[in-house]
Structures are given as C-alpha cells and as structure tokens.
Amino acid sequence: MLYNPLELEKKWQRIWERDELFKVEEDPSKDKYYLLEMFPYPSGKLHMGHVRNYTIGDVVGRYKRMCGKNVLHPIGWDAFGLPAENAAIDHGTHPEKWTYQNIETMKSQLKRMGFSYDWDRELATCDPRYYRWEQLIFLKMFKKGLAYKKRTYVNWCESCQTVLAKEQVENGCCWRHTDQEVSLKEMDSWFFKITDYAEEILDACDQLSGWPERVLSMQRNWIGKSHGAIIRFPLDHSDGEVEVYTTRQDTLYGATFMCFAPEHPMVKEIIKGQPQEAEILEFIERTLRLDSYVRTADFTEKEGMFTGRYCLNPVTHEKIPIYVANFVLFDYGTGAIMAVPTHDQRDFEFAKKYGLSLRVVIQPPGETLKEETMTEAYEGEGTLVHSGSFDGKGNLEALDDIADYLESEGLGHKTVNYRLRDWNISRQRYWGTPIPIIYCETCGMVPVPEEDLPVVLPLDLKIGPNGASPLPLEPSFYEINCPKCGGNARRETDTMDTFVESSWYFYRYTCPDYKDGPINPKSVDYWMPVDQYIGGIEHAILHLLYSRFYTRVLRDLGYLNLDEPFRNLLTQGMVCKETQECPEHGYLHPDEVKDQRCVHCQAEIITGQTLKMSKSKKNVVDPEDLISRYGADTVRVFCLFASPPERDLEWSDQGVEGSYRFLNRIWRLITDHLEDVSRVPSFDGKGDLSALLRDLHRKTHQTIQKVTHDIEERFHFNTAISAVMELVNEVNRFLGSGRDMGDLACSLVREAVEAVILLLSPVAPHITEECWRMLGHGRSLMETPWPGFQADALEVDKKLIVIQVNGKVRSRIEVPASFDQKEIETEALKDERLQDFIGEKTIKRVIVVKDKLVNVVV
RNA sequence: GCGAGAGUGGCGGAAUUGGCAGACGCGCUGGACUUAGGAUCCAGUGGUAUGACCGUAGGGGUUCGACUCCCCUCUCUCGCACCA
C-alpha cells in the first residue's frame, strides 16, 4: 500500500469536520488555553508566511489539546483595507465581492492544511455585525475624550490617497508603498488618545516576561520617554511667551538663540508685519513641501531664517534671536527649542552658519573651553560656569537644581516627554468602518445615537477612476438629518484605520455571536488573556502597541478586567528563498527557470541573495502547488523542521523532498510490519527484557521525554522532529537486525511505533491519524492523551565515562551505573589507553564529574 | 550615533546551570537491488601533513575543562534616529 497523502488527508479532514472535533465551548472544569495566530488579510491566496505561522500555531494547539487543555483556536479575516479598493480599480470588482471571494479561497486552503480551527467562531471585520461594535466603542471613547478631532499636519500618502498614522510611516515612506514618499498636509483628522496611556504601556513592558526582548525594546523605543523641563521664554516685542522642551536645562545659561519648527503656529503670528514676512512664509512652504524623509535625512543641510523677533533668556535676561529652522520637529516636545551652540552639535553648526553668538557654560574636567576657538560642541560632563548661582556645580546635579529653581520662579517646570503621538485613525477611504459622527449646521459635531448603529457602509457604490473614496460624493450616504435638532446635517465620510479592527478581534472570538455588546464578560473572563500569540515581527509596533492600548481603553470603559491581552508572544521569522535573475528579463519565477537557464532567452541565470519571499522578487513558492504534490503533512513537517520558529526559514525544495521521504519511511515502517505489530498489545512494562529490547524501550521513552520538553518548554519543533526521526531509525535498525520477532519484541516495537505516531501527530496530523487507525485504535488522536514517559524505562545499567587528560578526550570506558565517584575514578585510572598517555608524568589532580567524565591533570 | 539580536561543516541546523562539537536532515561519495534509477536499502562524509594535530567570526582572559562565562575587535540582520 502506497502513501497517498492527497486522498488520506481529504478523508481525515472530512471526518474531523463531521465529528466536530475542533469545536470548543467554555468549560469551567477544564484548564483553558487560548491560542491565537494573527489573522490574515484576505489578499487572494495563502502564502508561505501564512502557512508557516499557522502550522506553528496548529502544532501548539493540537499538543495542548492532547495534554487535556480546553483549547480556543480561532481564525477570522482582517477584511477591510486598501488592496480591495485597488482590485476594484484594476478589475472593476466591488471590494466586497473581491474580499469574500478571497475569503472563500483562503478558507478552503486553510482547511486543506488540516488546521484545527473552530470555524464556528470565524469572523470578518468588514461584516456590520463586527464593525457595529467598533462604532459603539468609538462613541464611548468619544464621550470620554479618548477619540477627538483636530486640525493638524498629517502624513499623506499619495498612493493610498489617505492619511497615515505616525507608526505607518517608515523611512519617510508609506508602510504599504515603500517607494511612495509621505508628504505633510494640513487637515482635520480623528485621533485616539494613546498618549494618555503612554506611561502605563511603557511600565507594563517590564511585566511582559513572555514577550521577546526585541519587541519590548522596539515598543519602549517607540514610546520614547525622556525627562526634562518645559521652560518659558518671554517674547521681547509682546506679552507672549514661547515654551520649549529641553532635557538639558543645565545648559540654559548658554542658550543664545531659539528655533521654531516651520509648522509652529506662533511663527505666523510673530512675523506678521515684519519686512521679511513673505520670505519666511516662502521658506516654510518650501520646507513643508519636502517629504519627511528628505527633510530629516543626514544629507539635508540645517537651514533657518531669522524671524526678526527676539525673546528673553529667562535666567540671563538677554535678548536672543528667534529663528525658524528646518531641523526642528513640530511633533516632538513643544515644537520649539532653545539652542545652546556650545553644548549641542546641531546648534553649533547652525550658529556657525548664521554667525550667532556662543557662550560656554560647562567646562570639561582639566580643560578650559573658549568660544572663539571651539570647533565643535562639547556635549560631555563638566562643571558649570557663567551660570549664576549654579557656578561650580557638576552639570548633572544641576539638572534637578535648575529645574527646581525654574519652578520656584515660575519660569518653567520639570516634565516628562514622550515621542509617542496620538493615533491618527482617519482614513479618506471607502473600504473601512464608517466613523459614527454627524456634523449639524446648528448643533455642530453630534455622535450617532447608539440605537442607530451600525452606520452601514453602503455596498452599491463605485470607486472612481482616481481611486478616491466615493463616500463624500454619495448624498444618500452623507445627507442626513441631525439626530438632535432634525436639521440639515452631514455624515463623517472618513473611515477608521483598519488597525482599529485588529486591536480587539481577539476579544470577539471569545463570543462571536454575542448580541448585547461587543464583548460578553463571562466569555472574556474565562478565555482571556491569550495564552500564546503567534505572528510576524513586522507588527512589533503597529498592531501590538495598538492592541495593548485598546485593551486598556476597553478596560476603562468597563468591558473587561484585564491590562494585557497577550501573555506570551512568539514572533516567527520570515520565509526566505534565493532569488534568480536573468540579465535580460530581471527576476525570474521558479517556473521561468529550467536547467539554470531563463526559459525566455536561454541565458544563464544568476542566483541572487536569499530574501523574504515576495511577489516583486518572484522568489515565491505557492503552498497550493506543494500541497497537491506532497500533501499538507509534508509541508507542515518541512516548515517546522527547517529551523526553529523565531528564526528565518530558508526555503529548500530538496528539504521538502526530505520531509516527504521521512513520512514515507514512517508509512512503510507501519504498513510493512502491520501484521507483526497489530497481533500484540503495546508493551505493558512487565516482564524481563534482554539488553537489546531494553535499549529500544529506553529510546522510546527518551524520545517521549525530549519531544515533550522541546514542544512544552521552547517550541523547538525542529529538534522534536529530529528526535522522532532518531526513534524511527532505531526501530528500523532493530527490525533489520534479523532477530526473531517474538511477542515481546513485537510489543516493544509496537510501543515505539505508537510513540512515533503520537509524538508526530500535532505536526503531521493526517498520516498519523491513518496509522493510528491501522493499529486498531478507534478514537481520533486529538482525543488521545499525550504520552508520558516512564522514569524506570530511562534507567541504564551501564554508563559511558569520557576520560580526559588535561581537558582532552583520550579514552572512554563503560562502568556499571551503580558506581559512585570514587569507583569511577579508580576504574578510569586503570584504563590502558590512559596509562599510555600519562606515562612517566605525575598526576597532579583528578576531576570526576558524576556519570560523565574523568579529567586527569598531569 | 543609540538599542536589540546573530556569527558553528558544502547547506539548513544540533549541543547553554561550562563537561565527547557537528544530533537530525539536505547534498555529496561508494556499494546493493534493478531493463532503468531522479525509488528503496547499506556504508562513508569538519579540515588535514592521517599526528596523541587543527577546528564553533578574530584576538585576549577566567577554568582541570569554554560554542557556552568575562574583556576587546570585526562582520551581518533588525528597530529607532536632527527626539532638543
């Protein structure tokens, strides 16, 4: 009988579905285990990244189930988003149709992989039954001031035709369109007040012991907490004042000028009527037109313009000039800085360029700096000078003293600053959750009454050829009467960032049909937090930060009693593959290469770098092709065997073949010896075993121990699989040794074979299920307990002792297991090979490591 | 520049409370079976001057003993970066 994965996998998938083996209910009598993989965007079909992510999860899920846990393992669809609209523009398909077609395709692919999802909990975020709750949460946030609207400079992506959050800008470009530079645009946008939770989210990082340090450090970095002071500088020409934020209040006496960010609203006020007003406005406009990457790049020179106005240094009372400068960031601190050219390199360069004055206020130890001779700023520690009553103090201790002084004089105060900005959630897009707000001509901004939810996204609209959202052009959507006064009103036509949907979907999985609110408290109490979350590192900031924020919002709205959603996080590595290039035709798809030549022009191909699989590099492998060639089990085995999950996986067609061969070996092992093995029960632990049988018995239990440890403690499936391979090799050796196969021998082989099946079943569920039934078992492996190992089976009667001379291995001896240290030493010193090495030399010392080695120092 | 992680055969990777470096797999070599072999099985496979030698990016150190701990250097990956 040949191994026919396609037929056999289909059969078991049908049976699992028929018997509803993946369904799960709340059961207070059982330990719950919430296993979650990041839900996919329904982009068309599954790619290898999905397959790897979901395979890792499925192994954990099946393993935990066999260990007796009540496992929640849901899946759904992150179904709003721009690609659906792009498809609509390109192919004229409506986003809804496109999305649901993709869901159908990908769902059947997931099923073909044999993943153990509870499909009854499936959700799609573009379904009004989902997003209506998101709108309700929005309204509650709005009422608490956690959602607010403001006019400000925002990041605009021309390709997306929409605004982006700060987190969605990478190197000055859009996170989706990595070659589309983001520009600044002044407009009204909705924000979530994530900054209110900055401190809490940052603090809680220390408690997330189940998260990779890498992710935590990225989050801490992103929040960017710093300690400093706000200092107020009075304007010279009016009663106004300018606030600056600094972490270096110790250098305040050396502040000889001030710089505004070009966006700062005060600039326009103070230059009004100045002779250089027009010129400055032109400079501001020119600077803001630059995309943020160019503006902040290393090669961009620091530039500024004098505003014609002065302010007063609050401690020296000197008049200092006010500049507008391109390098000052509007959205950090107060958007204005005090410049201390002697102790800040950027300020130094700026001062030199524009001939501004310098004053040293920190002298380094054993050196005296002079303004006229300085060639760069001194940013180190030292003693304060020219700093009034603070002269002579160390600059670090003066940090606090000066801040206290400012506070007592009413000139400023200590403060903590964060780099994190509020989350801009407005999107000028169609395929998203409508923001439930109405603008009334008389009442102003009015929230949609809760009983009117959901604000349904109309599905009968066509996206224009320029890609812009049809919502602002559709009177039947935006024309509405004010719910308060009944007068003329207009709906908000922005939709929400799709990251809002993914910030709470894992709560909805616990109660997908709950009708009385977004979250059923009973279900959430039972299932949350997520015990294991698995996904790509690319969400280290975006999705994971937003989810941590949203959890706190939901908590403070009274929906849950929880601070952190994800107890343990596993960030799996990327799936990579060699690129192949033709000098003529560029990157080539594997199908376009034959015998190392380009199929179009016969040119020899160049093998390029190993990079993340991507359509643009054409170094992709279609999971569908693999499944129909080898079956899902082979794909699963390879994904896990090739590397540990957190590392990148390098694709290897030959490695896949190897995994397929391994499953074939198991298949033959069982089918070839089925008669022998099925006529006896598995070894019951009774009876005297010969040394050979005891070795096999021991290997079986060692393997159970190792596989359990590798999965349970560290998710190292690659070593778990190799341990099973070793056991298979051992059984084959045993069977090939031509021994007489008595009942006892058969029962031990059966024990070993059953261990192979059980241990491998989370990884390759189909073939193992088939083998399990062949051995006469009636129930699914999913309902079979995970095997335990017997400690007495691990016992050995002889131990191998390594003998070293001066730390180098020179010999090995076997001693009875009962030997103690002294006996081992005596026995080792008798060893002939050792004696040869020692020769005439005198033994200085002998180190004995119990049960392991003897090191003789001569 | 700051922060995090990594560097082991031809390749993917094993080995971490310091104790036989290279498990397992791929590839390769030889053999068996065969009309055939790109199936299967068996044997071998870090280097080498074949030594009792060398070898875990390089250099130092601690130790009886270091892939593992400490110091320095190099390389690579990722994140942040004119953050005041």
Side-chain angles (χ1 to χ4, degrees), chain A residues 2 170-171 212-222 224-226 228 244-249 251 255 259 261 295-298 300-302 325-329 331-340 343-347 349-350 417-419 537-538 540-541 571 573-574 610 637-638 641-644 646-659 661-662 664-665 668 706 716 718-729 732 736 800-812 833 836-837 844-858:
Chain A
L2 283 177
E170 292 170 358
N171 298 323
E213 198 46 48
R214 194 151 80 105
V215 176
L216 292 174
S217 106
M218 280 192 226
Q219 295 219 344
R220 288 192 187 103
N221 212 326
W222 188 262
K225 181 180 183 179
S226 65
V244 303
Y245 170 73
T246 181
T247 55
R248 294 296 307 273
Q249 58 271 25
T251 63
C259 291
R295 189 176 151 200
T296 60
D298 293 345
T300 304
E301 206 178 328
K302 291 175 187 39
N326 63 348
F327 70 92
V328 179
L329 304 171
D331 62 1
Y332 185 81
T334 62
I337 60 161
M338 67 176 204
V340 184
H343 304 294
D344 182 291
Q345 186 58 26
R346 294 158 302 179
D347 298 348
E349 287 165 24
F350 194 85
N417 188 60
Y418 300 92
R419 211 185 72 110
I537 186 76
E538 65 272 20
I541 296 179
T571 47
M574 298 178 298
T610 299
V637 169
F638 176 73
F641 182 65
S643 66
E646 64 276 11
R647 243 195 268 186
D648 285 353
L649 181 151
E650 196 180 312
W651 193 262
S652 150
D653 293 331
Q654 286 161 340
V656 180
E657 291 277 353
S659 300
R661 278 206 289 269
F662 169 56
N664 269 291
R665 268 205 302 282
R668 279 198 307 274
K706 176 159 176 57
H716 277 205
N718 55 333
T719 51
I721 293 170
S722 68
V724 176
M725 286 174 171
E726 280 185 57
L727 180 56
V728 171
N729 292 345
N732 274 324
L800 185 71
I801 303 293
V802 169
I803 301 181
Q804 297 182 333
V805 177
N806 290 345
K808 286 188 174 156
V809 180
R810 296 305 187 195
S811 182
R812 297 178 178 87
R833 283 168 57 86
D836 289 350
F837 272 98
K844 282 195 204 151
R845 201 173 148 191
V846 179
I847 289 135
V848 181
V849 181
K850 198 172 175 306
D851 299 348
K852 277 191 180 151
L853 66 80
V854 175
N855 189 11
V856 182
V857 186
V858 296

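Note that these values count all heavy atoms, side chains included, but never hydrogens, waters or copies made by symmetry. We name chains A, B, ... by the order of the sequence lines, and we start the count at 1 in each one. Not measured: the values here are computed from a predicted model.
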Query raised in the report: B:A52: syn or anti, with syn meaning chi within 90° of zero?
Result: syn
Query raised in the report: Do any side-chain nitrogens or oxygens of A:Arg419 fall under 4.0 Å of OP1 or OP2 in B:G79?
Result: no
Query - Evaluation steps, ring pair (Phe, Tyr, Trp, His ring centres under 6.0 Å), between A:Phe641 and A:Phe662 - result: CA-CA 11 Å; A:Phe641 182 65; A:Phe662 169 56; 7.7 Å; no
Query - B:U17: pairing nucleotide in any strand, Watson-Crick or G-U under 3.5 angstrom - result: none
**Report entry** Sugar-phosphate only, base, or nothing, as touched by A:Lys808 at under 4.0 Å among non-hydrogen atoms
**Finding:** sugar-phosphate
Report summary line: Paired to B:C28 by Watson-Crick or G-U wobble criteria (both distances under 3.5 Å) is B:G44
Report each atom pair, protein N/O against N/O of nucleotides 44-50 of chain B, whose distance is under 3.5 angstrom.
none

Query - Inter-nucleotide C1' distance (B:U17, B:G59), Å rounded - result: 28 Å
Report task. Quote, to the nearest angstrom, the C1' distance that separates B:G7 from B:U68. Result -> 14 Å
Query raised in the report: With a non-hydrogen cut-off below 4.0 angstrom, is A:Ile537 in contact with a base, only sugar-phosphate, or nothing?
Result: nothing
Requested in this report: Look at all strands and tell whether A:Val809 reaches a base, only sugar-phosphate, or nothing, counting heavy atoms closer than 4.0 Å.
Outcome: sugar-phosphate
**Report entry** Which residue lies more 5' along RNA chain B, comparing A:Asn855 with A:Arg647 via nearest heavy atoms
**Finding:** A:Arg647
Report summary line: In 5'-to-3' order, the base (B), backbone-only (S) or no-contact (-) status of each nucleotide in nucleotides 23-34 of chain B, using a 4.0 angstrom heavy-atom cut-off, is BBSSS-------
Query - P gap between B:U34 and B:C28, integer Å - result: 24 Å
Report summary line: A:Arg248 meets the salt bridge (Lys or Arg N to Asp or Glu O under 4.0 Å) criterion, sequence neighbours left out, with A:Asp250
Query raised in the report: To the nearest Å, how far apart are A:Met338 CE and B:C83 C1'?
Result: 15 Å
Report task. Decide, for B:G60, between syn and anti: a glycosidic angle within 90° of 0 counts as syn, anything else as anti. Result -> anti
Report task. Scan A:Gln804 against the nucleic acid and name what it touches under 4.0 Å (heavy atoms): base, sugar-phosphate only, or nothing. Result -> base
Query raised in the report: When all nucleic acid strands are considered with a 4.0 Å heavy-atom cut-off, which category describes A:Asn664: base, sugar-phosphate, or nothing?
Result: nothing
Report summary line: With syn defined as a glycosidic angle within 90 degrees of 0 and anti as anything else, the base of B:G9 is syn
Query raised in the report: So what does A:Val328 touch, heavy atoms closer than 4.0 Å: a base, only the sugar-phosphate, or nothing?
Result: base
Report task. For A:Arg346, answer base if it contacts any base atom (sugar-phosphate contacts may also be present), sugar-phosphate if it contacts only those atoms, and nothing otherwise; contact means non-hydrogen atoms under 4.0 Å. Result -> base
Requested in this report: Would you indicate what A:Pro644 reaches in the nucleic acid, counting non-hydrogen atoms under 4.0 angstrom: base, sugar-phosphate, or nothing?
Outcome: sugar-phosphate
Report task. Can you check whether any acceptor in the base of B:C64 is under 3.5 Å from a donor in the side chain of A:Arg845, or vice versa? Result -> no
**Report entry** Side-chain donor/acceptor contact of A:Asn221 with base of B:C80 under 3.5 Å
**Finding:** no
Requested in this report: Could you check how far CG of A:Leu800 sits from C1' of B:C20, rounded to whole Å?
Outcome: 8 Å
